[in-house]
Amino acid sequence: MASRVIPVDPFVLVIFGGTGDLARRKILPALFRRFCDGQMEDNSAIIGAARSDLDTAAYRQMVREAIVEFGQEGGSCEAGTMEAFLETVHYVSIDARGETGWSELAGLLDKLPGEERVRAFYFSVGPSLFGDLAERLHCHGMAGSEARIVVEKPFGHDLGTAKALNKTLAQHFDESQIYRIDHYLGKETVQNLMAIRFANMLFEPLWNAQYIDHIQITVAETVGVAGREDYYDHAGAMRDMVQNHIMQLLCLIAMEPPAKFEPDAVRDEKLKVIRALEDVPAKDIVRGQYLESDDGSKPGFREHVQNPESTTESFIALKLHISNWRWAGTPFYLRTGKRLKSRTSEIAVVFKDAPHSIFGAEAGRHCNILTIVLQPNEGIELGVTIKEPGPGGMRLVDVPLDMTFSEALGPEAEFVPDAYERLIMDVIRGNQTLFMRGDEVEAAWAWTDPIIAEWGAREDTPVAYDSGSSGPVEALALMHRDGRRWREIRK
Ligand code: NAP
């Protein structure tokens, strides 16, 4: 099945922080892939903007090197495409906090030839600069009603700072112009989750507390906090992962069907989930910090952040409940951590056992598990119980039902575009469905803040866990005491 690529309208995308890590690793390679596939046409333009004193030729060289180093394999890219892509790239040296470069940027935007273009400004700089950028775009006449801004995470440090940032942005941009990005929402399987839930009759009738025993969400990383030590010691896993990425996954799993697949319809339903979250008692939370690796080659968390007193968590597991008709009684178990045994993200929907086994006690207990794997290999797996082949009576065995998309959809389905490719194209199309609305972000902080405040009030200290493990044993106990267990963190 050939994938259909519909070109987007011509656009100019200004990347503030165009020399930074995110721009080089993700944003620029994503744009290049969309160019190769013909979705971005050569009448569009990209403007890198940062303080570094570069000219356009030097920036183009940097972009070329970034694409060679970080560009994805796959798709179709003809010879000469790189040169044509680089022709669309420009650079302006600019200071978000000063006056340098702003007139040049405004001049370049006016000078670029061609018809009306969509104008988007990607804030790929540290969060302390988001407000400055919005204000300067306004002062220099670039915040017109057609402009769109893309705001990276973290969006605030708590409810107060998120509200203040929302207020600053709202002074210059309408909510319909603001794209708060969470790259998890751009992943193919996350969108497939909505297709599976809302385009099939099979799952939705079972999607409730009556049939689902519990849901597990795991986001495991192998890396430590190297390169982000200072930020991370002030954030921790709760702020860095749970408040945003995991909260978004939880919303998509738990929300009611929206009336339409339209931005506000989807975001209204997600908001209802966050508002229905119950407070989480201390006994249902486990926080951890990784220890030095066995061979001593990788430092422990406290050495990493150079803070022997640090009480910040690099791992968190928690059990939560959603207070509504659909989910009353079904727990959601979330866990995320650094320096775990493998890099994997998955959602496991664990259905209840059959109410009565006609095969007797010796057949054991079995349940269906729907697993949505977000990384490393995006896909969906359904565990079903069948008879073990061969003579010797009715022995039951759990096997995965093969749902490999590439077999059903052809070899093109093997190439899964990076989340940033989809999300940037959605910005250009003006589709906010996969971006967080201001009230969603605030509601997520409103749920998160009291939990974090409570740790401070009772001077909670995270427990230690081994590097390369599945996390602290206390996290295993969190489920064991409910008669359940975490799924293996898959390799
Ligand atoms: P980074 O590597 O430190 O890059 C920061 C960029 O901002 C550089 O291009 C820097 O260039 C520019 N910059 C700094 N101060 C500036 C100023 N006063 N005026 C104009 N430009 C300025 O950071 P990053 O990792 O790319 O992260 C960028 C944003 O994305 C952050 O908000 C981060 O939290 C978020 N994010 C990053 C990742 C990731 O994987 N890297 C993932 C998720 C979210 P000059 O020094 O030349 O000015």
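By convention here, the first residue in the shown sequence is residue 1. Note that ligands are numbered from 1 as they come in the structure, with each ligand's atoms numbered from 1 the same way.
Among the atoms of Ala23, none of the N or O lies under 3.5 angstrom from an N or O of ligand 1. Taking any N or O of Ala96, backbone or side chain, at least one lies under 3.5 Å from an N or O belonging to ligand 1.
Near Leu129, with a cut-off below 4.0 Å to any heavy atom, the atoms of ligand 1 are 15 (N), 16 (C), 17 (C), 18 (N). Residue contact check: Ile94 has heavy atoms under 4.0 Å from atoms 19 (N), 20 (C) of ligand 1. Those atoms of ligand 1 that come under 4.0 Å of a heavy atom in Gly20, given as number and element, are 2 (O), 4 (O), 8 (C), 9 (O), 26 (O). Proximity to Pro154 (heavy-atom distance under 4.0 Å) selects the following atoms of ligand 1: 34 (O).
Screening Glu440, Met247, Lys163, Arg239 for a side-chain contact (heavy atoms from CB on, under 4.5 Å) involving Trp445 leaves a single residue, Arg239.
Taking each of Leu133, Val125, Leu54 in turn, the one with a heavy atom nearest to atom 7 (O) of ligand 1 proves to be Val125.
Annotation: atom 44 (C) of ligand 1 to nearest protein heavy atom, Glu152 OE1, 3.1 Å. At the shortest separation from atom 11 (O) of ligand 1 among protein heavy atoms lies Thr19 OG1, 3.1 Å. Given atom 2 (O) of ligand 1, the protein heavy atom at minimum distance is Asp21 N, 2.9 Å. In terms of protein heavy atoms, atom 18 (N) of ligand 1 is closest to Asp95 OD1, 3.0 Å. Summary of contacts: the protein heavy atom closest to atom 47 (O) of ligand 1 is Ser52 OG, 2.4 Å. Here the heavy atom of the protein found nearest to atom 12 (C) of ligand 1 is Gly17 CA, 3.9 Å. Among protein heavy atoms, atom 28 (C) of ligand 1 sits closest to Ser124 O, 3.3 Å. Atom 27 (O) of ligand 1 has Leu22 CB, 4.2 Å as its closest protein atom, hydrogens excluded (heavy atom only).
Contact annotation: Arg25 has at least one heavy atom less than 4.0 Å from an atom of ligand 1.
For the residue pair Glu99 / His140, a side-chain donor-acceptor distance below 3.5 Å is found, with atom types taken as modelled. For the residue pair Asn192 and Thr189, no side-chain donor N or O sits within less than 3.5 Å of a side-chain acceptor on the partner. Ser93 and Asp53 are not linked by any side-chain donor-acceptor pair at a separation below 3.5 angstrom, with hydrogens and angles left out of the test. Using modelled atom types, one finds a donor on one side chain and an acceptor on the other under 3.5 Å when comparing Asn166 with Arg180.
Note: Tyr465 and Phe315 meet the aromatic proximity criterion, with ring centroids under 6.0 Å apart. Here Tyr420 and His183 bring their ring centres to under 6.0 angstrom of each other.
For Lys153 and Phe155, the positive end is not near the middle of the six-membered ring at less than 6.0 Å and at most 45° from its axis.
The distance from atom OG of Ser124 to atom CZ of Phe16, rounded to the nearest 0.5 Å, is 11.5 Å. Taking CG from Leu28 and CD1 from Ile15, the interatomic distance works out to 4.5 Å, rounded to the nearest 0.5 Å.
Protein heavy atoms come within 4.0 Å of atom 25 (O) of ligand 1.
Relative orientation of the Phe85 and Phe32 rings is perpendicular, given thresholds of 30° and 60° on the angle between their planes.
Within the 4.0 Å heavy-atom criterion, both parts of Arg51, backbone and side chain, lie near ligand 1.
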